[in-house]
Visitor: 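Below: one structure in structure tokens.
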Amino acid sequence: MNDMATALSAAVSGKELMAHCVEFAKRVKLSGTPEELESFHYLKKCLDGYGYRTKLILHDAYISLPQASSVEADRRTLKSITHSFSLNSPKGGLTADLVDVGEGTMADFAKLDCCGKIVLVDGIASPAAAANAKAAGAVGQLHVSPHEHLHEMCISPVWGSPSAEMLPEMPATVACTISDADGAALRAKLKSTGRLAVTLHAEVDTGWRKTPILVAHLDAHGAKDGPFTLLSGHHDTWYYGVMDNGSANATMLEAARLLAQHHKEWRRGLRVCFWSGHSHGRYSGSTWYVDNHFEDIDARCVAHVNVDSTGGIGATVLTDNGVTTPLVALAKDATKAEAQQDHAGKRASRSSDQSFWGVGIPSMYGSISHQPPGPVKMRNALGWWWHTPHDLLDKIDEKFLERDTRVVVHTLWRLQTDPVLPLDCAAHAGDLLAELRKLAEKLGDAVAIGGLVKAAEALEAEAKSVAARSGVNDQAKLDAINAALMRASRALVPLDYTDGDRFSHDPALPQSAWPALDPLRALSQAKPGSDQARFAAVGARRAANRVLHALKDAQAALGAALAS
């Protein structure tokens with residue numbers, strides 16, 4: 001099976017990939033604009049030609065497009081940009097005293113009085129900094145780029161278009177970014193004078209608009225309405241966005257083309273989705289899609305392969321893309337086979353249209369390849385041109401693009417054709433078990449979680465037993481095993497990657513591994529017998545109940561497969 005994956009990946013065409021990139025280099029594709037929709041029609045034409053049935057959806061999304069910006073400070077006007085979901089500045093600009101909060105962590109803010117001030121923050125704008133600035137009562141945030149290039153960003157922590165309940169979590173500051181040199185000058189002036197007022201000017205076009213989603217689907221041969229793999233990536237861009245995300249879209253089209261040529265060998269269907277609203281709506285497209293297709297995705301989706309920013313010049317590192325635990329072994333195999341590198345099994349981050357974790361869909365990748373560490377501290381490793389006007393065709397290395405696309409093709413072929421889904425439930429259960437054992441030792445008698453440990457041990461054992469049966473040559477038994485692995489994922493993935501229920505979306509903020517265990521962790525750190533410990537115990541008990549319920553669901557699913 002792996003030999004066929006390698007053979008298919010060898011057919012990846014650099015000529016096809018670069019032809020797509022040339023097409024994507026023709027238009028700036030801001031979410032909800034006519035230019036973006038025109039480019040979506042190109043995607044549709046390609047996928048129609050490959051034999052997929054396609055549907056172009058237009059839906060309402062809350063989109064924020066940055067416009068003009070400038071910063072006045074120390075009798076100078078500084079070059080700047082503003083950001084998606086910044087507030088518009090008042091007439092004449094927003095003027096306030098500047099406060100230096102360093103990297104803008106919660107601890108940085110806690111040291112200073114930022115109420116009514118404009119905070120000076122090192123690094124590329126982020127939703128975490130915006131959330132911290134809002135909590136501290138700041139009225140503005142002025143980011144200092146790590147170099148001379150200014151990176152466009154969305155600062156909203158609200159995942160997808162906000163519901164009425166989530167509106168209070170939206171950003172509440174005017175936000176701008178300036179260069180490292182201008183930031184250093186302001187910091188020096190502030191240090192020498194002790195006080196410095198700055199004025200932020202920002203225009204942002206924020207509101208509801210129609211945005212597109214393209215859905216292309218091809219069933220496995222003779223298996224209409226059966227399980228499917230989801231392949232997705234965003235199509236909206238900052239500026240021309242030839243790497244982010246044009247090259248990745250080229251990767252998706254080439255993978256769809258090659259796989260379709262062998263679809264009679266598939267055991268599962270393939271659904272290819274191109275999103276809008278990634279860059280300007282905090283993943284509004286993928287969020288809308290899962291909200292409006294929850295039942296279908298829950299019943300049929302086996303895994304999500306997300307593709308972002310492939311083939312960048314200098315992108316020699318393929319070991320650090322994020323993968324959920326059940327798919328780590330698959331990522332390791334594909335990366336070793338196609339790039340001769342050892343994947344690190346890095347935990348997936350809260351980014352890259354990973355809007356499907358609440359449903360319980362295991363996912364992998366996002367950005368495939370990265371720049372090696374350099375002298376400039378960046379928020380990510382996608383290149384100095386990322387989210388700038390310099391993201392043009394000359395930032396694509398054809399050979400690297402072929403390489404990254406081979407990894408994706410190899411991965412998808414395995415998901416499409418392996419008799420048993422390459423989902424390592426035993427590894428996932430073992431990972432949870434290790435966390436629970438550490439907590440049980442710290443908690444002592446505060447909240448008894450021995451039952452959770454035993455349930456996780458039983459689940460790990462059952463998962464190993466199911467894996468041992470994966471070589472059976474009985475289609476009914478194989479179907480039962482695959483159904484069980486899918487249902488077990490529905491139970492475990494939300495525990496590992498979400499803090500809420502299956503139908504909501506956590507904010508786009510950093511999270512711990514197994515955030516469902518955070519209330520138990522809080523109790524383990526509280527002083528025994530204190531009010532803090534008593535309050536924490538309430539949440540810990542509820543968290544334990546949630547985890548136990550999920551473990552029992554996963555056990556029931558695997559037990560049914562073993563009994564078949």
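Keep in mind that this is a model prediction, so the values were computed, not measured.
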Visitor: State, to 0.1 Å, how close P66 and E152 come at their nearest heavy-atom pair, and which atoms those are.
Guide: CG-OE1, 4.0 Å
Visitor: Which of parallel (below 30°), tilted (30 to 60°) and perpendicular (above 60°) describes H234 and H278?
Guide: parallel
Visitor: Do H151 and W238 have ring centroids that are under 6.0 Å from one another?
Guide: no
Visitor: Are D296 and R300 ion-paired here, with the side-chain N under 4.0 Å from a carboxylate O?
Guide: yes
Visitor: With T173, which residues qualify under side-chain hydrogen bond (donor to acceptor under 3.5 Å, both in side chains), at least two apart?
Guide: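 Once residues adjacent in sequence are excluded, the partners of T173 under the side-chain hydrogen bond (donor to acceptor under 3.5 Å, both in side chains) criterion are Q141.
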Visitor: Return yes if a side-chain donor-acceptor contact under 3.5 Å exists between T105 and E103, otherwise no.
Guide: no
Visitor: May I ask you to check whether H343 and T335 show a side-chain donor-acceptor distance below 3.5 Å?
Guide: no
Visitor: What's the shortest heavy-atom distance between L253 and C46, and which atoms?
Guide: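 L253 and C46 have their closest heavy atoms at CD2-CB, 4.0 Å.
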Visitor: Could you tell me if R350 sits above the aromatic ring of W159, with its cationic atom closer than 6.0 Å to the ring centre and no more than 45 degrees from the axis?
Guide: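 Yes, R350 lies over the aromatic ring of W159.
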Visitor: For a ring pair (Phe, Tyr, Trp, His ring centres under 6.0 Å) with W275, tell me which candidate from F40, Y289, W288 qualifies.
Guide: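 Result for ring pair (Phe, Tyr, Trp, His ring centres under 6.0 Å) with W275: Y289.
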Visitor: For a salt bridge (charged side-chain N to carboxylate O under 4.0 Å, His left out) check, start with the C-alpha distance between K79 and D182, then their side-chain angles and the critical distance, and finish with the verdict.
Guide: CA-CA 9 Å; K79 179 183 176 182; D182 285 337; over 6 Å; no
Visitor: Using a 3.5 Å distance criterion without hydrogens, assess whether the side chain of S145 forms a donor-acceptor pair with backbone atoms of E148.
Guide: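 Not at all, since once roles are kept as given, no pair shorter than 3.5 Å links the two residues.
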Visitor: Which atom pair, heavy atoms only, marks the closest approach of T237 to V28?
Guide: OG1-C, 4.2 Å
Visitor: Using the ring of each side chain (for Trp, its six-membered ring), is F24 parallel, tilted or perpendicular to H20, with breaks at 30° and 60°?
Guide: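 Parallel: the ring planes of F24 and H20 meet at under 30°.
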Visitor: Hey, are S179 and H147 close enough side-chain-wise for a donor-acceptor pair under 3.5 Å?
Guide: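 No, no side-chain donor-acceptor contact under 3.5 Å.
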Visitor: Can you tell me how the ring of F228 sits relative to the ring of H217, calling it parallel under 30°, perpendicular over 60° and tilted otherwise?
Guide: perpendicular
Visitor: Any donor-acceptor pair under 3.5 Å linking the side chain of N249 with the backbone of G246?
Guide: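 No: the side chain of N249 does not pair with the backbone of G246.
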Visitor: Do the side-chain N and O atoms of N306 and S232 include a donor-acceptor pair separated by under 3.5 angstrom?
Guide: yes
Visitor: Starting at CD of E203, measure out to OG of S70 and round the result to the nearest 0.5 Å.
Guide: 9.0 Å
Visitor: Of the options L230, V359, N292, which is the one that meets I297 in a side-chain contact (heavy atoms from CB on, under 4.5 Å)?
Guide: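 Among L230, V359, N292, the one meeting side-chain contact (heavy atoms from CB on, under 4.5 Å) with I297 is V359.
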Visitor: When you check the side-chain N and O atoms of S352 and D308, is any donor under 3.5 Å from an acceptor?
Guide: no
Visitor: Evaluate salt bridge (charged side-chain N to carboxylate O under 4.0 Å, His left out) for D518 paired with R521, printing each intermediate quantity in order.
Guide: CA-CA 5 Å; D518 283 349; R521 294 179 179 123; 2.6 Å; yes
Visitor: Checking D244 against K395 for the salt bridge (charged side-chain N to carboxylate O under 4.0 Å, His left out) test, could you report, in this order, the C-alpha distance in whole Å, the side-chain angles of both residues, the deciding distance, and whether it holds?
Guide: CA-CA 10 Å; D244 185 10; K395 303 309 183 299; over 6 Å; no
Visitor: Does the ring centre of F503 sit less than 6.0 Å away from the ring centre of F294?
Guide: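 F294 vs F503: aromatic centres under 6.0 Å.
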Visitor: Looking only at side-chain N and O atoms, does H505 offer a donor or acceptor that is under 3.5 Å from a partner on D291?
Guide: yes
